[in-house]
Every structure is written in structure tokens, then in C-alpha cells.
> 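Encoded as C-alpha cells, here's the structure I'll be asking about.
So you know, we letter chains A, B, ... as the sequences are listed, proteins then strands, and number each from 1.
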2 protein chains.
Amino acid sequence: MKHSEHNDKLCPLAQTLGIVGDNWTLLILRNAFLGARRFDDFQQQLGLTRHVLTDRLKKLVEHDIFKKVPYGASNSRFEYRLTQKGAALSPVLMALGSWGNQWLFEKEQQPMRYTHKTCGAELQMTAYCTCCDINVSSSDIKMVTGPEIETLKKSLSPQQLTQALGFMPQSP
Amino acid sequence: MKHSEHNDKLCPLAQTLGIVGDNWTLLILRNAFLGARRFDDFQQQLGLTRHVLTDRLKKLVEHDIFKKVPYGASNSRFEYRLTQKGAALSPVLMALGSWGNQWLFEKEQQPMRYTHKTCGAELQMTAYCTCCDINVSSSDIKMVTGPEIETLKKSLSPQQLTQALGFMPQSP
DNA sequence: GATATTAAGTTCCTTTTAGGAACTTAAATA
DNA sequence: TATTTAAGTTCCTAAAAGGAACTTAATATC
């Protein structure tokens, strides 16, 4: 059974992974954030095969993460540009990059860091509560399930629920 | 050419993706955060084939994201528990989940949200500067390259640099 | 104390996806 | 007009994933 056939339509994380949860796709997005726009740019920078790139770009356009914009006086050459929805993925890439910086390299040997333009200090990703205007540590985060999952919880046993969702909505 | 053969040893994001940048791996981590510990738990919850699960767990243990802890009076049954390094991936999963919540569902139809325990409001991922004690918007973030990439910049043309790295370290 | 069941993998086979290189077609450049 | 470039497509091979049955030791049950 492929996971996409699973009933995890109710997990935003799984849904997101269904769109961008792929090595090449995330590297394509990285390069897009760094300025790449054209098919051959992505292909040469990343060294992936052309038909895989075709496939991934198509998928990203279908999901409105890239928009395909013609350039020049042509109708057959295009730039792939991040949409607002695509640009909103930057916290994902930053979280991945920051983790790599912190856990895969020695301090002082980090090859590339995200820093605060003003002071030069390294940034870290954190959860922020707009309501309270504070950053929230993981012990103060609660996962709240919506009405659909609540309904399932009432009608299914814990095991059936897990089977249906592909995950356990709450820690045991 | 497989991307892992690329010389992107100098990109923390690419390095991280080499470890966890895989659909199943990230779903395994999701379920680990929600309490799954044992081989068959992961297998039944996710529905992935057993040898793929074996492979992914092995890789995660090798990279010190899970530790394999025997349980019972046995030396052949194990729990896979997140290490500190593994637990530090939670911003990655939250960033993915938050993006999905915001961009793949209508408000009020989000199946599951990350909320602030105290006030119940939904959280968002943001970059935080420990030095200035403020959250930093993307326009105030600067990517700074370390000494190794700076050396490459001096000895290679932009195109050679891109070939060597697999990406352009700065926007054009 | 024998029997059945569970847990954690392995093995084998088939299907799908990815890698590699050459080919196509139209557009921009020389 | 001839050449190169851009954006794919096509074809073939290699690697990875899906599916199901099999193994081996450890618990649990009778």
C-alpha cells in the first residue's frame, strides 16, 4: 500500500509531505529561494535528470508553489517563480538548514548560517504565539484536533483510529 | 549522478535532507513525536513495507536521531527512542505541519493545529534572534557563508562555484 | 512444560521510480 | 542563414519500493 492511499487526508504534515516531501523537490525549492528560475538552471545546479526535474516542476506548479511565467518574446520558454504559497515554505527550509548547522557541524565550522542582518547573530526557528506575543517552548505547545478527528475518536477504537489516520493524534 | 555524490557537503540543508529528506522518514519521525516506539507500531500505523522501515530506522539510528533501547528481559526486542538530536527536529515537523494547516485547508477546517497551551491560539514558526531577543522577518535575514565557501568563491568562477556546490550561495 | 502468539526482522519476487544519454523542436544569437 | 540555447521527450538500464511469505527468538496461554 502506498502511503498516499492511506487516509491521512486529516494530517496537515502528511499532506504537506505529499507535495514537497521529497529530496529533489526540497533542493529545487532551496535553489529557487537562492534565485534559480529556469529549467536548465535547476538541472545544471542540482545535476538531477531532466525528466525527474520535469516531473517535480510540474507537480509544484500544479500545487501553486511555482508559477510558470513565459519570458522573452516566446511562448515556449518559462521561468518558474515562487508564489506566495511557495515563499511561505521558507520556515521549512530554514528549520532544516538550522538543524543541520547545529547538529551536523562543529561550531566555527558551519559552512553557511542564517543570521540577523542587524546584529549578525545566528537565528533559530521557534514557535511564536501572535496572541500572547511570545515564543513558546515545546512544553507549552498543545496539538489540538479539529471536529473531524474528534468525531472519529468517538466512533472508533484507538487501534481503528490509528489505522484510519496512519498516526495517533495524541500521545498515549 | 546521484545527488549524494554531489559536493554539497557544504550545504547544511542538503546534508540534513540526506538524512531525513524522505517521505517515510519524516512520517516515522512524526509518529515518534506522537509516541510510537516499536517496529510494529511504526509498521502498522504507517503501512510501509517492513524492509523499508528496517532501512529507515537503521539510518536514523546511525545518525543518532533514534537510539535503540532493549526492552523486556530480551536482547532481541527494541524500542526506538528520539535522542536529543532527534527531538531537535521538531521545528522541522512543525514548520511542515503549520504550512499545511495554513495553505492546504480552509480556516475552521484545519484537522489539527499547534496551539499555545496557555491561550489556545495557533502558533506560527518564525526565526528568532537570541542576541536581540526579537523575531526576525525574512527581509532581515542574511545568509552568511563560512570560510570554506568564501575560499571557493575566490578561486572559482560563479559557474564553477555553482557546479561545485550544487547551488548558488547568494542571490544574483 | 508444551503450544500458540507476538515482535523484529529477512527473503523473494514484481512493480515503480530514478539515472544516463541521446534526440526533438522552437527561439535567440552570431 | 547557420549556430547555439532552452525546455523538454524518449529510450534503456539500474536502483528502490511494494507485497507477501518466511525465520527466529521471546512472551503469553493452556
Side-chain angles (χ1 to χ4, degrees), chain A residues 1-6 8 14 17-28 31-32 35-62 66-81 159 162-163 166, chain B residues 1-6 8 14 17-28 31-32 35-62 66-81 159 162-163 166:
Chain A
M1 183 199 317
K2 297 195 67 170
H3 189 263
S4 51
E5 297 165 23
H6 245 254
D8 56 9
L17 290 177
I19 301 173
V20 301
D22 165 85
N23 223 308
W24 283 127
T25 302
L26 288 163
L27 288 170
I28 289 166
N31 287 33
R37 302 239 129 73
R38 296 182 185 177
F39 189 93
D40 278 20
D41 291 342
F42 289 112
Q43 199 276 317
Q44 287 165 33
Q45 291 173 14
L46 295 171
L48 82 176
T49 60
R50 302 179 77 80
H51 63 285
V52 172
L53 178 56
T54 302
D55 176 75
R56 298 299 189 278
L57 289 173
K58 185 167 164 244
K59 194 170 182 185
L60 290 168
V61 169
E62 278 169 6
F66 280 139
K67 64 186 158 201
K68 205 171 171 179
V69 181
Y71 71 91
S74 153
N75 61 342
S76 70
R77 296 186 181 190
F78 306 93
E79 291 189 340
Y80 293 90
R81 296 203 191 161
Q159 287 188 7
T162 300
Q163 289 296 325
Chain B
M1 184 197 318
K2 295 194 70 171
H3 189 264
S4 50
E5 296 166 22
H6 246 254
D8 56 10
L17 291 177
I19 301 173
V20 301
D22 165 87
N23 222 309
W24 283 125
T25 301
L26 288 162
L27 289 170
I28 288 166
N31 287 33
R37 302 239 129 72
R38 297 183 184 178
F39 189 93
D40 279 20
D41 290 342
F42 289 112
Q43 200 276 318
Q44 286 164 34
Q45 289 173 14
L46 296 171
L48 83 176
T49 60
R50 302 179 78 81
H51 63 286
V52 172
L53 179 57
T54 302
D55 176 74
R56 298 299 190 280
L57 289 173
K58 186 167 163 245
K59 193 169 182 185
L60 289 168
V61 170
E62 279 168 5
F66 280 139
K67 63 185 163 206
K68 205 170 170 180
V69 181
Y71 71 91
S74 152
N75 62 341
S76 70
R77 296 187 182 191
F78 305 94
E79 290 189 338
Y80 293 89
R81 295 201 192 164
Q159 286 188 9
T162 301
Q163 289 295 323

> Counting only side-chain heavy atoms from C-beta out, which of D/dG18, D/dA6, C/dA26 sits nearest to B/Trp24?
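From the listed options, D/dG18 comes nearest.
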
> Tell whether B/Arg38 reaches the base of C/dA8 with its side chain through a donor-acceptor pair below 3.5 angstrom.
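In this structure, the two groups form no donor-acceptor pair.
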
> Would you say A/Arg56 reaches C/dA18's phosphate, i.e. side-chain N/O to OP1/OP2 under 4.0 Å?
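The answer is yes; a side-chain N or O of A/Arg56 sits under 4.0 Å from OP1 or OP2.
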
> If I take atom CG in residue A/Leu57 and atom C1' in nucleotide D/dA6, what distance separates them, rounded to the nearest angstrom?
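Rounded to whole Å, this separation is 13 Å.
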
> Measure from NZ or CZ of B/Arg37 to the centre of the six-membered ring of B/Tyr71 and say whether it is under 6.0 Å with the direction within 45° of the ring axis.
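No - B/Arg37 does not lie over the ring of B/Tyr71 by the 6.0 Å and 45° rule.
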
> Could you check how far CG of B/Asp40 sits from P of D/dA26, rounded to whole Å?
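Whole-Å distance recorded here is 16 Å.
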
> Just the rounded figure in Å: distance from C1' of D/dG8 to CD of A/Glu79.
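To the nearest whole Å, that distance equals 17 Å.
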
> Check whether any side-chain N or O of A/Lys58 sits under 4.0 Å from OP1 or OP2 of D/dA7, and answer yes or no.
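The answer is no; no side-chain N or O of A/Lys58 sits under 4.0 Å from OP1 or OP2.
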
> Looking only at side-chain atoms of A/His51, point me to the closest of D/dA25, D/dT10, C/dG9.
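My answer, after comparing the listed nucleotides, is D/dT10.
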
> Which of these nucleotides, D/dT27, C/dG9, D/dA7, is closest to any side-chain atom of B/Arg50?
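The answer is C/dG9.
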
> Separation of A/Leu46 atom CG from C/dA18 atom P, in whole Å?
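Roughly 14 Å, once rounded to whole Å.
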
> Relative to the 5' end of DNA chain C, which residue comes earlier, A/Gly72 or A/Asp22, by the nucleotide with the nearest heavy atom?
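The residue whose closest nucleotide sits nearer the 5' end is A/Asp22.
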
> Working to the nearest 0.5 angstrom, can you tell me the gap between A/Arg56 CZ and A/Leu26 CG?
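Between atom CZ of A/Arg56 and atom CG of A/Leu26 there are 10.5 Å.
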
> Provide, to the nearest angstrom, the distance between the NZ atom belonging to B/Lys68 and the P atom belonging to C/dA7.
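The distance from NZ of B/Lys68 to P of C/dA7 comes to 16 Å, rounded to the nearest Å.
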
> Could you tell me whether a side-chain N or O of B/Asp8 sits under 3.5 Å from a main-chain N or O of A/Leu46, the two making a donor and an acceptor?
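Here the side-chain-to-backbone pair does not exist.
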
> Nearest whole angstrom, please: distance from the C1' of D/dT5 to the CD of A/Gln43.
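A/Gln43 atom CD is separated from D/dT5 atom C1' by 13 Å.
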
> About how many Å separate NZ of B/Lys68 and OH of B/Tyr80, when rounded to the nearest 0.5 Å?
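Taking OH in B/Tyr80 and NZ in B/Lys68, the distance rounds to 3.5 Å.
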
> So, is B/Tyr80 close to the C/dG9 phosphate, meaning a side-chain N or O under 4.0 Å from OP1 or OP2?
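For C/dG9, OP1 or OP2 has a side-chain N or O of B/Tyr80 closer than 4.0 Å.
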
> Classify A/Phe42 by what it touches in the nucleic acid, base, sugar-phosphate, or nothing, heavy-atom distance under 4.0 Å.
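A/Phe42: no heavy atom of the nucleic acid under 4.0 Å.
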
> In whole Å, I'd like the distance from the CG atom of A/Leu53 to the P atom of D/dT9.
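Checked: the CG to P distance equals 11 Å.
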
> Return the value, rounded to whole Å, for the distance between atom NZ of B/Lys59 and atom P of D/dA16.
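It works out to 10 Å between those atoms.
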
> Looking only at side-chain atoms of B/Phe39, point me to the closest of D/dA26, D/dG18, C/dG9.
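Nucleotide nearest to B/Phe39's side chain: C/dG9.
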
> Distance criterion of 3.5 Å, no angle test: do you see the side chain of A/Arg77 paired donor-to-acceptor with the base of D/dA7?
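There is none.
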
> Quick one: CG on A/Leu53 to CZ on A/Phe39, what's the gap to the nearest 0.5 Å?
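The CZ atom of A/Phe39 is 4.0 Å from CG of A/Leu53, to the nearest 0.5 Å.
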
> From C-beta outward on B/Thr54, which listed nucleotide comes closest to its side chain: C/dA27, D/dG8, C/dT10?
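Closest of the options to the side chain of B/Thr54: C/dT10.
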
> Is the phosphate of D/dA26 approached by B/Asn75 (side-chain N or O, under 4.0 Å from OP1 or OP2)?
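Yes, because at least one side-chain N or O of B/Asn75 sits under 4.0 Å from OP1 or OP2 of D/dA26.
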
> From A/Asn23 CG over to B/Ile19 CD1, what is the distance, rounded to the nearest 0.5 angstrom?
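If we round to the nearest 0.5 Å, A/Asn23:CG and B/Ile19:CD1 are 11.0 Å apart.
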
